[in-house]
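Chain letters run A, B, ... following the sequence lines, proteins first and then strands; every chain starts at 1.
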2 protein chains.
Amino acid sequence: MVREDKAPGSLGSRDGLGDKAGMICRAIRRAIVEQALRPGDRLPEDALGERFGVSRTIARHALGQLGAEGLVDLRRNRIAVVATPSMEEARDTFDIRIELEGLVVKALAGRLEKKQIARLREHVEAEQAARQGSEATSIRLATEFHVLLAEMTGKPILTRYVNEVSYRCGLTLSTFGRPHSSECAVNEHSVLIDALAEGDVQEAMRLMREHLEQVADRALLVAPDARNRELMDILAPYAEEVASRSKRPRKA
Amino acid sequence: MVREDKAPGSLGSRDGLGDKAGMICRAIRRAIVEQALRPGDRLPEDALGERFGVSRTIARHALGQLGAEGLVDLRRNRIAVVATPSMEEARDTFDIRIELEGLVVKALAGRLEKKQIARLREHVEAEQAARQGSEATSIRLATEFHVLLAEMTGKPILTRYVNEVSYRCGLTLSTFGRPHSSECAVNEHSVLIDALAEGDVQEAMRLMREHLEQVADRALLVAPDARNRELMDILAPYAEEVASRSKRPRKA
DNA sequence: ATAACTAAGAGTGTATGCAATCACGATGCC
DNA sequence: GGCATCGTGATTGCATACACTCTTAGTTAT
(Lines give C-alpha, C1' and ligand atoms only; values in the text may rest on other atoms or scores of the structure.)
Protein backbone atom coordinates (compact mmCIF):
# COMPACT_ATOMS: atom_id res chain seq x y z
CA MET A 1 0.00 0.00 0.00
CA VAL A 2 1.39 3.30 -1.07
CA ARG A 3 -0.58 5.73 1.07
CA GLU A 4 -2.53 7.91 -1.24
CA ASP A 5 -5.54 8.62 0.92
CA LYS A 6 -7.56 11.41 -0.57
CA ALA A 7 -5.86 14.75 -0.62
CA PRO A 8 -3.12 15.83 1.72
CA GLY A 9 -3.72 19.50 2.27
CA SER A 10 -7.25 19.97 1.11
CA LEU A 11 -10.11 20.60 3.45
CA GLY A 12 -12.38 18.68 1.16
CA SER A 13 -15.45 18.06 3.26
CA ARG A 14 -14.40 20.29 6.14
CA ASP A 15 -15.68 19.42 9.61
CA GLY A 16 -12.34 17.98 10.56
CA LEU A 17 -14.08 17.01 13.74
CA GLY A 18 -13.97 13.39 14.63
CA ASP A 19 -17.36 12.56 13.25
CA LYS A 20 -19.82 12.92 16.06
CA ALA A 21 -19.32 16.63 16.34
CA GLY A 22 -19.64 16.81 12.58
CA MET A 23 -22.92 14.97 12.80
CA ILE A 24 -24.26 17.48 15.28
CA CYS A 25 -23.10 20.36 13.12
CA ARG A 26 -24.81 18.97 10.07
CA ALA A 27 -27.99 18.27 11.99
CA ILE A 28 -28.16 21.76 13.40
CA ARG A 29 -27.29 23.38 10.08
CA ARG A 30 -30.08 21.49 8.45
CA ALA A 31 -32.49 22.28 11.25
CA ILE A 32 -31.64 25.94 10.85
CA VAL A 33 -32.02 26.02 7.09
CA GLU A 34 -35.32 24.19 7.39
CA GLN A 35 -36.37 26.71 10.01
CA ALA A 36 -36.99 23.99 12.55
CA LEU A 37 -34.52 25.94 14.64
CA ARG A 38 -35.26 29.62 14.59
CA PRO A 39 -33.12 32.62 15.50
CA GLY A 40 -32.81 32.98 19.23
CA ASP A 41 -33.55 29.35 20.00
CA ARG A 42 -31.40 28.06 22.80
CA LEU A 43 -28.85 25.30 22.31
CA PRO A 44 -27.67 24.14 25.75
CA GLU A 45 -24.68 21.84 25.66
CA ASP A 46 -26.28 19.32 27.98
CA ALA A 47 -29.44 19.01 25.95
CA LEU A 48 -27.56 18.69 22.68
CA GLY A 49 -25.25 16.08 24.10
CA GLU A 50 -28.08 14.05 25.50
CA ARG A 51 -30.12 14.33 22.31
CA PHE A 52 -27.24 13.12 20.16
CA GLY A 53 -25.97 10.57 22.63
CA VAL A 54 -22.62 12.22 23.26
CA SER A 55 -21.03 14.11 26.07
CA ARG A 56 -21.12 17.81 26.57
CA THR A 57 -17.54 17.98 25.32
CA ILE A 58 -18.58 17.00 21.83
CA ALA A 59 -21.66 19.17 21.80
CA ARG A 60 -19.53 22.08 22.89
CA HIS A 61 -17.04 21.41 20.14
CA ALA A 62 -19.82 21.35 17.58
CA LEU A 63 -21.20 24.61 18.87
CA GLY A 64 -17.75 26.10 18.53
CA GLN A 65 -17.72 25.22 14.85
CA LEU A 66 -21.20 26.57 14.27
CA GLY A 67 -20.17 29.69 16.08
CA ALA A 68 -17.22 30.12 13.76
CA GLU A 69 -19.62 29.81 10.84
CA GLY A 70 -21.80 32.48 12.34
CA LEU A 71 -24.82 30.25 12.68
CA VAL A 72 -24.94 30.37 16.45
CA ASP A 73 -24.08 33.09 18.91
CA LEU A 74 -21.60 32.14 21.62
CA ARG A 75 -21.23 34.42 24.57
CA ARG A 76 -19.20 33.61 27.60
CA ASN A 77 -21.14 31.84 30.33
CA ARG A 78 -24.28 32.11 28.24
CA ILE A 79 -26.31 29.42 26.60
CA ALA A 80 -25.57 29.25 22.90
CA VAL A 81 -28.42 30.49 20.75
CA VAL A 82 -29.18 30.33 17.06
CA ALA A 83 -27.82 33.56 15.64
CA THR A 84 -30.10 36.46 14.85
CA PRO A 85 -28.46 38.36 12.02
CA SER A 86 -29.00 42.08 12.10
CA MET A 87 -30.41 43.76 9.04
CA GLU A 88 -26.97 45.15 8.35
CA GLU A 89 -25.34 41.73 8.53
CA ALA A 90 -28.04 40.30 6.34
CA ARG A 91 -27.43 42.81 3.57
CA ASP A 92 -23.72 42.25 4.05
CA THR A 93 -24.08 38.51 3.70
CA PHE A 94 -26.11 38.77 0.52
CA ASP A 95 -23.57 41.11 -1.04
CA ILE A 96 -20.84 38.60 -0.37
CA ARG A 97 -22.96 35.78 -1.63
CA ILE A 98 -23.53 37.56 -4.93
CA GLU A 99 -19.81 37.96 -5.51
CA LEU A 100 -18.98 34.39 -4.56
CA GLU A 101 -21.69 32.86 -6.68
CA GLY A 102 -20.53 35.13 -9.46
CA LEU A 103 -17.25 33.25 -9.28
CA VAL A 104 -19.15 30.00 -9.39
CA VAL A 105 -21.01 31.00 -12.53
CA LYS A 106 -17.83 32.26 -14.16
CA ALA A 107 -16.16 28.95 -13.45
CA LEU A 108 -19.08 26.88 -14.65
CA ALA A 109 -20.52 28.62 -17.71
CA GLY A 110 -19.87 26.53 -20.77
CA ARG A 111 -17.86 23.99 -18.81
CA LEU A 112 -20.65 21.83 -17.46
CA GLU A 113 -20.68 18.22 -18.57
CA LYS A 114 -23.89 16.60 -19.69
CA LYS A 115 -23.99 14.53 -16.57
CA GLN A 116 -23.72 17.59 -14.39
CA ILE A 117 -26.45 19.40 -16.29
CA ALA A 118 -28.67 16.38 -15.88
CA ARG A 119 -27.93 16.35 -12.18
CA LEU A 120 -28.90 20.00 -11.90
CA ARG A 121 -32.13 19.57 -13.82
CA GLU A 122 -32.92 16.62 -11.62
CA HIS A 123 -32.45 18.79 -8.57
CA VAL A 124 -34.70 21.51 -9.96
CA GLU A 125 -37.36 18.88 -10.59
CA ALA A 126 -37.07 17.88 -6.97
CA GLU A 127 -37.55 21.53 -6.09
CA GLN A 128 -40.66 21.67 -8.25
CA ALA A 129 -42.02 18.56 -6.59
CA ALA A 130 -41.31 19.94 -3.14
CA ARG A 131 -43.44 23.00 -3.76
CA GLN A 132 -46.44 20.93 -2.86
CA GLY A 133 -44.72 19.47 0.17
CA SER A 134 -43.42 21.09 3.28
CA GLU A 135 -41.93 24.52 3.04
CA ALA A 136 -38.94 23.31 5.01
CA THR A 137 -37.93 20.99 2.21
CA SER A 138 -38.44 23.71 -0.35
CA ILE A 139 -36.09 26.05 1.41
CA ARG A 140 -33.51 23.36 1.97
CA LEU A 141 -33.56 22.28 -1.65
CA ALA A 142 -33.26 25.86 -2.85
CA THR A 143 -30.19 26.29 -0.69
CA GLU A 144 -28.75 22.99 -1.79
CA PHE A 145 -29.09 23.99 -5.42
CA HIS A 146 -26.55 26.71 -4.89
CA VAL A 147 -24.30 24.44 -2.90
CA LEU A 148 -24.51 21.88 -5.67
CA LEU A 149 -23.45 24.46 -8.23
CA ALA A 150 -20.52 25.47 -6.08
CA GLU A 151 -19.41 21.87 -5.68
CA MET A 152 -19.37 21.41 -9.43
CA THR A 153 -16.65 24.00 -9.75
CA GLY A 154 -14.32 21.57 -8.06
CA LYS A 155 -12.91 24.49 -6.12
CA PRO A 156 -12.86 23.40 -2.49
CA ILE A 157 -12.40 26.78 -0.86
CA LEU A 158 -15.01 28.48 -2.98
CA THR A 159 -17.38 25.62 -2.25
CA ARG A 160 -16.78 26.01 1.43
CA TYR A 161 -17.51 29.72 1.46
CA VAL A 162 -20.59 29.43 -0.73
CA ASN A 163 -21.80 26.77 1.62
CA GLU A 164 -21.32 29.02 4.58
CA VAL A 165 -22.96 32.13 3.17
CA SER A 166 -25.80 30.07 1.79
CA TYR A 167 -26.59 28.74 5.21
CA ARG A 168 -26.29 32.19 6.66
CA CYS A 169 -28.71 33.44 4.05
CA GLY A 170 -31.10 30.71 5.09
CA LEU A 171 -30.81 32.03 8.60
CA THR A 172 -31.48 35.54 7.34
CA LEU A 173 -34.59 34.30 5.60
CA SER A 174 -35.62 32.73 8.86
CA THR A 175 -35.09 36.01 10.66
CA PHE A 176 -36.61 38.50 8.28
CA GLY A 177 -38.37 36.59 5.53
CA ARG A 178 -42.08 36.11 5.19
CA PRO A 179 -43.43 32.59 4.75
CA HIS A 180 -43.50 31.27 1.21
CA SER A 181 -41.03 33.80 0.01
CA SER A 182 -39.14 31.31 -2.12
CA GLU A 183 -41.98 30.73 -4.55
CA CYS A 184 -40.62 31.61 -7.93
CA ALA A 185 -37.00 30.81 -7.25
CA VAL A 186 -37.34 27.45 -8.92
CA ASN A 187 -37.88 28.93 -12.37
CA GLU A 188 -34.95 31.21 -11.87
CA HIS A 189 -32.81 28.18 -11.12
CA SER A 190 -34.02 26.57 -14.28
CA VAL A 191 -33.21 29.43 -16.64
CA LEU A 192 -29.85 29.80 -14.95
CA ILE A 193 -29.03 26.23 -15.87
CA ASP A 194 -30.00 27.02 -19.46
CA ALA A 195 -27.57 29.90 -19.61
CA LEU A 196 -24.81 27.88 -17.99
CA ALA A 197 -25.32 24.99 -20.38
CA GLU A 198 -25.32 27.33 -23.34
CA GLY A 199 -22.06 28.82 -22.16
CA ASP A 200 -23.25 32.41 -22.14
CA VAL A 201 -21.16 33.73 -19.27
CA GLN A 202 -22.53 37.26 -19.36
CA GLU A 203 -26.13 36.13 -19.35
CA ALA A 204 -25.52 33.52 -16.68
CA MET A 205 -23.81 36.08 -14.47
CA ARG A 206 -26.68 38.48 -15.01
CA LEU A 207 -29.24 35.83 -14.18
CA MET A 208 -27.45 34.70 -11.05
CA ARG A 209 -27.04 38.23 -9.82
CA GLU A 210 -30.65 39.03 -10.55
CA HIS A 211 -31.79 35.84 -8.88
CA LEU A 212 -29.83 36.53 -5.72
CA GLU A 213 -30.93 40.16 -5.64
CA GLN A 214 -34.50 38.99 -5.77
CA VAL A 215 -33.94 36.42 -3.08
CA ALA A 216 -32.40 39.15 -0.97
CA ASP A 217 -35.30 41.48 -1.65
CA ARG A 218 -37.86 38.86 -0.80
CA ALA A 219 -35.95 38.12 2.36
CA LEU A 220 -35.16 41.61 3.53
CA LEU A 221 -37.84 44.02 2.38
CA VAL A 222 -40.53 42.58 4.58
CA ALA A 223 -38.64 42.78 7.80
CA PRO A 224 -40.64 45.21 9.95
CA ASP A 225 -43.99 43.42 10.09
CA ALA A 226 -43.12 39.77 9.53
CA ARG A 227 -41.44 38.84 12.77
CA ASN A 228 -41.76 39.91 16.34
CA ARG A 229 -38.46 38.73 17.75
CA GLU A 230 -35.69 41.13 18.63
CA LEU A 231 -38.16 43.93 18.42
CA MET A 232 -36.12 46.45 20.30
CA ASP A 233 -36.09 48.85 17.38
CA ILE A 234 -39.66 48.24 16.31
CA LEU A 235 -40.92 48.84 19.82
CA ALA A 236 -38.79 51.87 20.47
CA PRO A 237 -41.57 54.35 19.55
CA TYR A 238 -43.95 52.60 21.90
CA ALA A 239 -41.52 52.35 24.76
CA GLU A 240 -43.48 54.66 27.04
CA GLU A 241 -46.70 52.83 26.54
CA VAL A 242 -45.12 49.48 27.25
CA ALA A 243 -43.46 50.69 30.39
CA SER A 244 -46.74 50.37 32.27
CA ARG A 245 -47.08 46.63 31.87
CA SER A 246 -43.89 45.06 33.20
CA LYS A 247 -44.76 41.48 32.40
CA ARG A 248 -42.89 39.99 29.48
CA PRO A 249 -44.30 36.75 28.08
CA ARG A 250 -41.01 35.46 26.82
CA LYS A 251 -41.22 32.14 25.07
CA ALA A 252 -39.86 29.13 26.91
CA MET B 1 -29.13 49.12 34.89
CA VAL B 2 -30.95 48.47 31.67
CA ARG B 3 -28.83 45.75 30.06
CA GLU B 4 -27.56 47.07 26.78
CA ASP B 5 -24.35 45.08 26.50
CA LYS B 6 -22.81 45.42 23.06
CA ALA B 7 -24.73 43.86 20.22
CA PRO B 8 -27.14 40.99 20.50
CA GLY B 9 -26.77 39.08 17.29
CA SER B 10 -23.50 40.29 15.86
CA LEU B 11 -20.39 38.20 15.76
CA GLY B 12 -18.32 41.29 16.24
CA SER B 13 -14.88 40.01 17.07
CA ARG B 14 -15.63 36.33 16.44
CA ASP B 15 -13.67 33.75 18.46
CA GLY B 16 -16.65 33.23 20.67
CA LEU B 17 -14.31 31.02 22.66
CA GLY B 18 -13.92 31.87 26.28
CA ASP B 19 -10.71 33.81 25.85
CA LYS B 20 -7.90 31.39 26.31
CA ALA B 21 -8.73 29.43 23.18
CA GLY B 22 -9.02 32.73 21.36
CA MET B 23 -5.55 33.65 22.58
CA ILE B 24 -4.12 30.46 21.18
CA CYS B 25 -5.90 31.01 17.88
CA ARG B 26 -4.55 34.51 17.55
CA ALA B 27 -1.07 33.41 18.48
CA ILE B 28 -1.04 30.63 15.93
CA ARG B 29 -2.57 32.79 13.23
CA ARG B 30 0.11 35.34 13.80
CA ALA B 31 2.83 32.72 13.85
CA ILE B 32 1.54 31.40 10.55
CA VAL B 33 1.33 34.75 8.84
CA GLU B 34 4.81 35.59 10.08
CA GLN B 35 5.98 32.26 8.75
CA ALA B 36 7.28 31.23 12.13
CA LEU B 37 4.98 28.27 11.67
CA ARG B 38 5.30 26.79 8.24
CA PRO B 39 3.02 24.45 6.30
CA GLY B 40 3.26 20.92 7.61
CA ASP B 41 4.50 21.89 11.04
CA ARG B 42 2.95 19.77 13.74
CA LEU B 43 0.67 21.17 16.41
CA PRO B 44 0.17 18.51 19.10
CA GLU B 45 -2.53 19.31 21.61
CA ASP B 46 -0.34 18.53 24.59
CA ALA B 47 2.48 20.76 23.47
CA LEU B 48 0.16 23.64 22.69
CA GLY B 49 -1.61 23.31 25.99
CA GLU B 50 1.60 23.23 27.94
CA ARG B 51 3.05 26.15 26.00
CA PHE B 52 0.02 28.33 26.65
CA GLY B 53 -0.57 27.12 30.17
CA VAL B 54 -3.93 25.50 29.53
CA SER B 55 -5.24 22.00 29.28
CA ARG B 56 -5.48 19.93 26.17
CA THR B 57 -9.20 20.64 26.07
CA ILE B 58 -8.62 24.30 25.32
CA ALA B 59 -5.84 23.64 22.85
CA ARG B 60 -8.07 21.20 21.08
CA HIS B 61 -10.87 23.71 20.90
CA ALA B 62 -8.53 26.29 19.44
CA LEU B 63 -7.32 23.82 16.84
CA GLY B 64 -10.91 23.16 15.94
CA GLN B 65 -11.43 26.82 15.16
CA LEU B 66 -8.24 27.08 13.15
CA GLY B 67 -9.30 23.99 11.28
CA ALA B 68 -12.60 25.61 10.42
CA GLU B 69 -10.67 28.58 9.07
CA GLY B 70 -8.57 26.25 6.94
CA LEU B 71 -5.32 27.24 8.60
CA VAL B 72 -4.61 23.82 10.06
CA ASP B 73 -5.36 20.36 8.81
CA LEU B 74 -7.33 18.18 11.20
CA ARG B 75 -7.47 14.49 10.46
CA ARG B 76 -8.88 11.92 12.77
CA ASN B 77 -6.38 10.45 15.19
CA ARG B 78 -3.65 12.47 13.54
CA ILE B 79 -1.61 15.30 14.94
CA ALA B 80 -2.89 18.62 13.68
CA VAL B 81 -0.56 20.25 11.19
CA VAL B 82 -0.35 23.69 9.65
CA ALA B 83 -2.26 23.43 6.38
CA THR B 84 -0.43 23.06 3.10
CA PRO B 85 -2.66 24.62 0.46
CA SER B 86 -2.49 22.98 -2.92
CA MET B 87 -1.73 25.13 -5.92
CA GLU B 88 -5.37 24.83 -6.90
CA GLU B 89 -6.59 25.97 -3.52
CA ALA B 90 -4.14 28.83 -3.58
CA ARG B 91 -5.45 30.15 -6.89
CA ASP B 92 -8.95 29.61 -5.60
CA THR B 93 -8.27 31.57 -2.45
CA PHE B 94 -6.80 34.51 -4.33
CA ASP B 95 -9.79 34.63 -6.68
CA ILE B 96 -12.11 34.85 -3.71
CA ARG B 97 -9.95 37.42 -2.05
CA ILE B 98 -10.08 39.65 -5.11
CA GLU B 99 -13.87 39.63 -5.12
CA LEU B 100 -14.16 40.24 -1.40
CA GLU B 101 -11.70 43.07 -1.32
CA GLY B 102 -13.50 44.49 -4.33
CA LEU B 103 -16.50 44.79 -2.04
CA VAL B 104 -14.32 46.49 0.52
CA VAL B 105 -13.10 49.05 -1.96
CA LYS B 106 -16.60 49.67 -3.26
CA ALA B 107 -17.80 50.28 0.28
CA LEU B 108 -14.91 52.54 1.16
CA ALA B 109 -14.17 54.68 -1.88
CA GLY B 110 -15.06 58.28 -1.15
CA ARG B 111 -16.46 57.41 2.23
CA LEU B 112 -13.30 57.39 4.30
CA GLU B 113 -13.07 59.94 7.07
CA LYS B 114 -9.93 61.97 7.54
CA LYS B 115 -9.12 60.08 10.67
CA GLN B 116 -9.35 56.78 8.88
CA ILE B 117 -7.16 57.96 6.03
CA ALA B 118 -4.60 59.12 8.53
CA ARG B 119 -4.76 55.74 10.22
CA LEU B 120 -4.14 54.00 6.92
CA ARG B 121 -1.20 56.24 5.98
CA GLU B 122 0.22 55.63 9.41
CA HIS B 123 0.00 51.92 8.80
CA VAL B 124 1.72 52.21 5.43
CA GLU B 125 4.49 54.17 7.11
CA ALA B 126 4.91 51.32 9.54
CA GLU B 127 5.14 49.01 6.56
CA GLN B 128 7.82 51.19 5.04
CA ALA B 129 9.75 51.18 8.27
CA ALA B 130 9.46 47.43 8.58
CA ARG B 131 11.13 46.88 5.24
CA GLN B 132 14.43 47.26 6.99
CA GLY B 133 13.38 45.02 9.82
CA SER B 134 12.43 41.40 9.85
CA GLU B 135 10.59 39.98 6.91
CA ALA B 136 8.09 38.45 9.31
CA THR B 137 6.91 41.85 10.40
CA SER B 138 6.69 43.04 6.81
CA ILE B 139 4.42 40.20 5.82
CA ARG B 140 2.27 40.60 8.87
CA LEU B 141 1.84 44.32 8.34
CA ALA B 142 0.99 43.82 4.70
CA THR B 143 -1.73 41.38 5.69
CA GLU B 144 -2.98 43.65 8.43
CA PHE B 145 -3.34 46.51 5.97
CA HIS B 146 -6.01 44.61 4.16
CA VAL B 147 -7.68 43.58 7.39
CA LEU B 148 -7.65 47.20 8.50
CA LEU B 149 -9.35 48.26 5.29
CA ALA B 150 -11.99 45.61 5.74
CA GLU B 151 -12.66 46.70 9.31
CA MET B 152 -13.24 50.26 8.16
CA THR B 153 -16.23 49.15 6.15
CA GLY B 154 -18.00 48.45 9.41
CA LYS B 155 -19.40 45.33 7.80
CA PRO B 156 -18.77 42.53 10.28
CA ILE B 157 -19.30 39.57 7.99
CA LEU B 158 -17.24 41.00 5.19
CA THR B 159 -14.51 41.81 7.68
CA ARG B 160 -14.55 38.29 8.95
CA TYR B 161 -14.21 36.73 5.53
CA VAL B 162 -11.50 39.13 4.37
CA ASN B 163 -9.68 38.29 7.55
CA GLU B 164 -9.88 34.62 6.84
CA VAL B 165 -8.83 34.69 3.22
CA SER B 166 -6.05 37.11 4.02
CA TYR B 167 -4.58 34.72 6.52
CA ARG B 168 -5.01 31.89 4.10
CA CYS B 169 -3.17 33.91 1.50
CA GLY B 170 -0.38 34.40 3.98
CA LEU B 171 -0.26 30.67 4.31
CA THR B 172 -0.13 30.33 0.55
CA LEU B 173 2.75 32.73 0.43
CA SER B 174 4.45 30.60 3.02
CA THR B 175 3.89 27.51 0.92
CA PHE B 176 4.75 28.72 -2.54
CA GLY B 177 6.22 32.18 -2.26
CA ARG B 178 9.84 33.10 -2.58
CA PRO B 179 11.48 35.13 0.15
CA HIS B 180 11.13 38.89 -0.16
CA SER B 181 8.22 38.61 -2.51
CA SER B 182 6.31 41.43 -0.87
CA GLU B 183 8.76 44.14 -1.83
CA CYS B 184 6.79 46.66 -3.77
CA ALA B 185 3.46 45.99 -2.17
CA VAL B 186 3.88 48.98 0.10
CA ASN B 187 3.70 51.48 -2.72
CA GLU B 188 0.66 49.75 -4.09
CA HIS B 189 -1.00 50.17 -0.73
CA SER B 190 -0.15 53.83 -0.78
CA VAL B 191 -1.61 54.64 -4.18
CA LEU B 192 -4.69 52.63 -3.28
CA ILE B 193 -5.27 54.91 -0.33
CA ASP B 194 -4.96 57.89 -2.68
CA ALA B 195 -7.67 56.52 -4.94
CA LEU B 196 -9.91 55.66 -2.01
CA ALA B 197 -9.49 59.11 -0.50
CA GLU B 198 -10.20 60.76 -3.82
CA GLY B 199 -13.36 58.73 -4.14
CA ASP B 200 -12.55 57.30 -7.54
CA VAL B 201 -14.29 53.94 -7.20
CA GLN B 202 -13.33 52.63 -10.62
CA GLU B 203 -9.67 53.47 -10.20
CA ALA B 204 -9.58 52.14 -6.66
CA MET B 205 -11.17 48.89 -7.76
CA ARG B 206 -8.67 48.61 -10.60
CA LEU B 207 -5.77 49.27 -8.28
CA MET B 208 -6.93 46.78 -5.69
CA ARG B 209 -7.50 44.11 -8.29
CA GLU B 210 -4.13 44.78 -9.88
CA HIS B 211 -2.44 44.77 -6.51
CA LEU B 212 -3.92 41.45 -5.52
CA GLU B 213 -3.21 39.91 -8.91
CA GLN B 214 0.40 40.90 -8.48
CA VAL B 215 0.55 39.54 -4.97
CA ALA B 216 -0.90 36.32 -6.31
CA ASP B 217 1.59 36.22 -9.15
CA ARG B 218 4.50 36.85 -6.86
CA ALA B 219 3.21 34.14 -4.60
CA LEU B 220 2.26 31.53 -7.13
CA LEU B 221 4.39 31.85 -10.23
CA VAL B 222 7.56 30.83 -8.51
CA ALA B 223 6.23 27.66 -7.09
CA PRO B 224 8.25 24.99 -8.89
CA ASP B 225 11.72 25.98 -7.73
CA ALA B 226 11.14 27.85 -4.52
CA ARG B 227 9.92 25.10 -2.25
CA ASN B 228 10.34 21.40 -2.11
CA ARG B 229 7.32 20.44 -0.08
CA GLU B 230 4.37 18.66 -1.56
CA LEU B 231 6.23 17.96 -4.73
CA MET B 232 4.02 15.13 -5.86
CA ASP B 233 2.96 16.93 -9.01
CA ILE B 234 6.32 18.42 -9.76
CA LEU B 235 7.97 15.05 -9.47
CA ALA B 236 5.37 13.17 -11.46
CA PRO B 237 7.33 13.35 -14.74
CA TYR B 238 10.44 12.03 -13.01
CA ALA B 239 8.63 9.28 -11.20
CA GLU B 240 10.46 6.46 -12.95
CA GLU B 241 13.84 7.96 -12.33
CA VAL B 242 13.08 8.48 -8.67
CA ALA B 243 11.83 4.96 -8.22
CA SER B 244 15.40 3.76 -7.90
CA ARG B 245 16.25 5.75 -4.80
CA SER B 246 13.65 4.96 -2.16
CA LYS B 247 15.00 7.13 0.63
CA ARG B 248 12.96 10.13 1.56
CA PRO B 249 14.69 12.73 3.70
CA ARG B 250 11.56 13.97 5.37
CA LYS B 251 12.09 16.74 7.84
CA ALA B 252 11.56 16.00 11.53
C1' DA C 1 -47.81 45.92 46.63
C1' DT C 2 -43.26 46.93 45.08
C1' DA C 3 -38.46 46.72 45.12
C1' DA C 4 -34.14 45.11 46.70
C1' DC C 5 -31.79 41.09 48.40
C1' DT C 6 -30.52 36.29 48.78
C1' DA C 7 -29.98 31.50 47.90
C1' DA C 8 -30.64 27.52 45.08
C1' DG C 9 -30.63 25.71 40.46
C1' DA C 10 -28.92 25.72 35.82
C1' DG C 11 -25.26 26.04 32.65
C1' DT C 12 -20.81 27.00 31.21
C1' DG C 13 -15.33 26.92 31.58
C1' DT C 14 -11.74 23.95 32.28
C1' DA C 15 -8.89 20.01 33.86
C1' DT C 16 -8.14 15.28 34.22
C1' DG C 17 -8.52 10.29 33.26
C1' DC C 18 -9.07 6.29 30.42
C1' DA C 19 -9.63 3.76 26.15
C1' DA C 20 -8.56 3.60 21.30
C1' DT C 21 -5.59 4.53 17.62
C1' DC C 22 -1.43 5.62 15.34
C1' DA C 23 3.73 6.24 14.53
C1' DC C 24 7.87 4.21 14.57
C1' DG C 25 11.64 1.59 15.90
C1' DA C 26 12.92 -3.22 17.03
C1' DT C 27 12.74 -7.84 15.71
C1' DG C 28 12.54 -11.76 12.87
C1' DC C 29 12.21 -13.80 8.25
C1' DC C 30 13.48 -14.30 3.47
C1' DG D 1 20.68 -6.47 2.92
C1' DG D 2 15.76 -5.74 2.30
C1' DC D 3 11.04 -6.35 3.76
C1' DA D 4 7.18 -7.64 6.59
C1' DT D 5 5.64 -8.08 11.53
C1' DC D 6 5.01 -6.74 16.10
C1' DG D 7 5.17 -4.04 20.36
C1' DT D 8 5.76 0.14 22.85
C1' DG D 9 5.42 5.01 23.42
C1' DA D 10 3.04 8.97 21.72
C1' DT D 11 -1.25 11.23 20.75
C1' DT D 12 -5.87 11.72 20.01
C1' DG D 13 -11.22 10.81 21.09
C1' DC D 14 -14.27 11.17 24.46
C1' DA D 15 -16.47 11.27 29.06
C1' DT D 16 -16.59 12.76 33.59
C1' DA D 17 -15.77 15.90 37.55
C1' DC D 18 -15.46 20.24 39.73
C1' DA D 19 -15.38 25.30 40.12
C1' DC D 20 -17.33 29.37 38.79
C1' DT D 21 -20.96 32.40 36.78
C1' DC D 22 -25.41 33.56 35.70
C1' DT D 23 -30.44 33.18 36.20
C1' DT D 24 -34.38 33.05 38.73
C1' DA D 25 -37.56 32.22 42.23
C1' DG D 26 -38.33 33.05 46.87
C1' DT D 27 -37.95 36.27 50.74
C1' DT D 28 -37.72 40.30 53.35
C1' DA D 29 -37.97 45.15 54.07
C1' DT D 30 -40.08 49.42 52.89
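- Using a 4.0 Å cut-off between charged nitrogen and carboxylate oxygen, B:Glu164 and B:Arg160 count as a salt-bridge pair.
- At whole-Å resolution of the value, CG in A:Asp73 and P in C:dG11 are 18 Å apart.
- For A:Glu45 and C:dA10, the CD to C1' distance is 12 Å, given to the nearest whole Å.
- Taking atom CZ on A:Arg75 and atom P on D:dT21, their separation rounds to 17 Å, with Å as the unit.
- A close approach under 4.0 Å does occur between a side-chain nitrogen or oxygen of A:Arg78 and OP1 or OP2 of D:dT23.
- Heavy atoms of other residues, nucleotides or ligands lying less than 6.0 angstrom from CD of B:Glu88 number 12 at most.
- For the pair A:Phe52/A:Lys20, no side-chain contact is recorded, criterion being any heavy-atom separation below 4.5 Å from C-beta on.
- Each of D:dT12, D:dC14, C:dC24 was ranked by its minimum atom distance to the side chain of B:Asp46; first place goes to D:dT12.
- We find that CZ of B:Arg42 is positioned 11 Å from C1' of C:dC24, with the value rounded to whole Å.
- Below the 3.5 angstrom threshold, one finds a donor paired with an acceptor across the side chain of A:Arg56 and the base of C:dG13.
- Looking at A:Ile96 and B:Ile157, their side chains come closer than 4.5 Å, going by heavy atoms from C-beta outward.
- Closest to the A:Ile58 side chain, of the nucleotides C:dT14, D:dA15, C:dG11, is D:dA15.
- Between A:Leu37 and A:Leu43 the shortest side-chain heavy-atom distance falls below 4.5 Å.
- Across the protein-nucleic acid pair, B:Met23 atom CE and C:dG13 atom C1' stand 16 Å apart, rounded to whole Å.
- Mapping A:Pro44 and B:Asn77 onto DNA chain C by nearest heavy atom places A:Pro44 at the nucleotide closer to the 5' end.
- Contact annotation: B:Arg76 side-chain N/O to D:dC14 OP1/OP2 distance is under 4.0 Å.
- If you measure from atom CZ of A:Arg60 to atom P of C:dA10, you get 19 Å, rounded to the nearest angstrom.
- Residues B:Thr57 and B:Leu43 each lie close to DNA chain D; by heavy-atom proximity, the contact nearer the 5' end of the strand is made by B:Leu43.
- As a whole-Å value, the separation of B:Leu63 CG from D:dG13 P is 10 Å.
- Put simply, CD1 on B:Ile79 is 21 Å from P on C:dA20, counting in whole angstrom units.
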